[in-house]
Amino acid sequence: MNALLKLYAGLCLFRRGPEDMPPIPPLLGILLALWMVLQLLAASLQTGLTLAQMVGAQLIALGLVLGASAAILTFKGLRQRWLQTALALVGVDIALTLVSLPLLLLGHAAGGTPGFINGLYLLLISWQLAVQSFIFHRAFAVGPLLGLALAFGLFILTFLLIGMAMPEALQAG
């Protein structure tokens with residue numbers, strides 16, 4: 001367990017890559033279950049959204065990232081890298097959700113989200129995009145800028161899909 005935590009910390013600090021993830025299918029199931037619990041906890045601390053809307057938005061985001069990863073890896077003939085890529089993406093999302101929980105707790109305790117917390121949350125989202133782009137760069141065997149373009153493009157596409165599926169979710173934020 002300690003080795004896995006060090007692995008994800010190294011990934012979040014750009015010192016390890018998705019290729020370093022242990023290709024263990026049950027681990028992905030465990031991480032997805034942990035991811036769902038953390039999303040439910042984070043959703044309960046969000047203001048302006050129902051629990052179902054928040055979790056639905058997160059499921060759309062995760063499905064899009066994992067689905068696009070599978071499609072790109074298949075297109076490039078690198079389908080065997082999907083499990084490690086998925087482990088990296090889900091694990092990083094878990095790690096950064098854990099980092100965001102104190103910010104959400106502060107906002108919840110304050111009865112609204114103060115500006116400085118929004119700024120810190122924006123930094124956290126930027127960090128997540130940077131780590132995702134690094135994962136894409138390494139997993140897809142593409143340049144770092146193309147990895148960043150893919151991460152940012154998927155981020156924008158996520159908002160478009162959420163806006164189409166649940167317009168009230170975008171209006172609440």
Side-chain angles (χ1 to χ4, degrees), residues 1-43 54-101 103-104 120-165 169:
M1 181 65 161
N2 201 17
L4 194 59
L5 293 174
K6 287 181 182 179
L7 187 60
Y8 281 110
L11 186 60
C12 287
L13 296 172
F14 310 103
R15 293 186 178 135
R16 305 297 292 262
E19 67 276 5
D20 297 320
M21 296 293 126
I24 304 169
L27 180 59
L28 182 59
I30 292 166
L31 288 178
L32 286 171
L34 178 60
W35 177 87
M36 181 55 76
V37 168
L38 287 173
Q39 293 308 315
L40 289 170
L41 179 59
M54 182 64 185
V55 172
Q58 291 300 321
L59 285 172
I60 289 171
L62 184 67
L64 181 62
V65 168
L66 293 181
S69 296
I72 292 168
L73 287 168
T74 300
F75 175 75
K76 292 194 60 115
L78 302 170
R79 180 80 169 121
Q80 72 279 6
R81 294 184 185 183
W82 184 82
L83 178 59
Q84 290 173 295
T85 303
L87 286 167
L89 291 167
V90 173
V92 164
D93 198 27
I94 289 170
L96 294 176
T97 299
L98 287 171
V99 171
S100 74
L101 284 176
L103 299 176
L104 293 173
L120 291 174
Y121 203 70
L122 180 62
L123 283 173
L124 195 57
I125 290 170
S126 300
W127 191 265
Q128 183 164 6
L129 282 172
V131 175
Q132 277 184 348
S133 70
F134 177 72
I135 292 168
F136 292 156
H137 156 63
R138 299 281 285 263
F140 301 161
V142 297
L145 289 178
L146 184 53
L148 179 60
L150 288 167
F152 193 70
L154 287 172
F155 183 72
I156 298 299
L157 187 56
T158 297
F159 275 95
L160 290 173
L161 289 176
I162 291 169
M164 289 182 343

Quick test of your reading: applying side chain to side chain donor-acceptor pair (under 3.5 Å), list the pairs with at least one residue in [range], sequence neighbours left out, ordered by first then second residue.
range	value
residues 132-160	E19-R138
residues 6-16	R16-D20
residues 58-67	none

With salt bridge (charged side-chain N to carboxylate O under 4.0 Å, His left out) as the rule and sequence neighbours excluded, what pairs involving [range] come up?
range	value
residues 28-37	none
residues 143-159	none
residues 152-164	none

Between [X] and [Y], what is the shortest heavy-atom contact and its length?
X	Y	answer
P22	L87	O-CD1, 3.0 Å
R81	A139	NH1-O, 2.7 Å
Y121	S100	CE1-CB, 3.6 Å
C12	V92	SG-CG2, 4.1 Å
I60	A165	CD1-CB, 4.1 Å

Using atom types as modelled, flag every donor-acceptor pair under 3.5 Å from a side chain in residues 144-155 to any protein atom, sequence neighbours excluded.
none

Roughly how far apart are [X] [atom1] and [Y] [atom2], rounded to 0.5 Å?
X	Y	atom1	atom2	value
L4	L27	CG	CG	5.5 Å
I94	L31	CD1	CG	4.5 Å
Q84	L89	CD	CG	12.0 Å

Could you tabulate the donor-acceptor pairs under 3.5 Å formed by side-chain atoms of residues 33-43, not counting sequence neighbours?
residue: W35; atom: NE1; partner: D93; partner atom: OD2; Å: 2.6
residue: Q39; atom: NE2; partner: T97; partner atom: OG1; Å: 3.4

Q.
Just to verify, what does L120 make a side-chain contact (heavy atoms from CB on, under 4.5 Å) with, not counting sequence neighbours?
A. L103, F116, L123
Q) Looking at residues at least two apart in the chain, or sitting in another chain, which of them share a side-chain contact (heavy atoms from CB on, under 4.5 Å) with A88? A) L11, P18, M21, I135
Tabulate below the donor-acceptor pairs under 3.5 Å that side-chain atoms of residues 61-76 make, not counting sequence neighbours, or state none.
residue: S69; atom: OG; partner: V65; partner atom: O; Å: 2.8
residue: T74; atom: OG1; partner: A70; partner atom: O; Å: 2.7
residue: K76; atom: NZ; partner: F140; partner atom: O; Å: 3.2

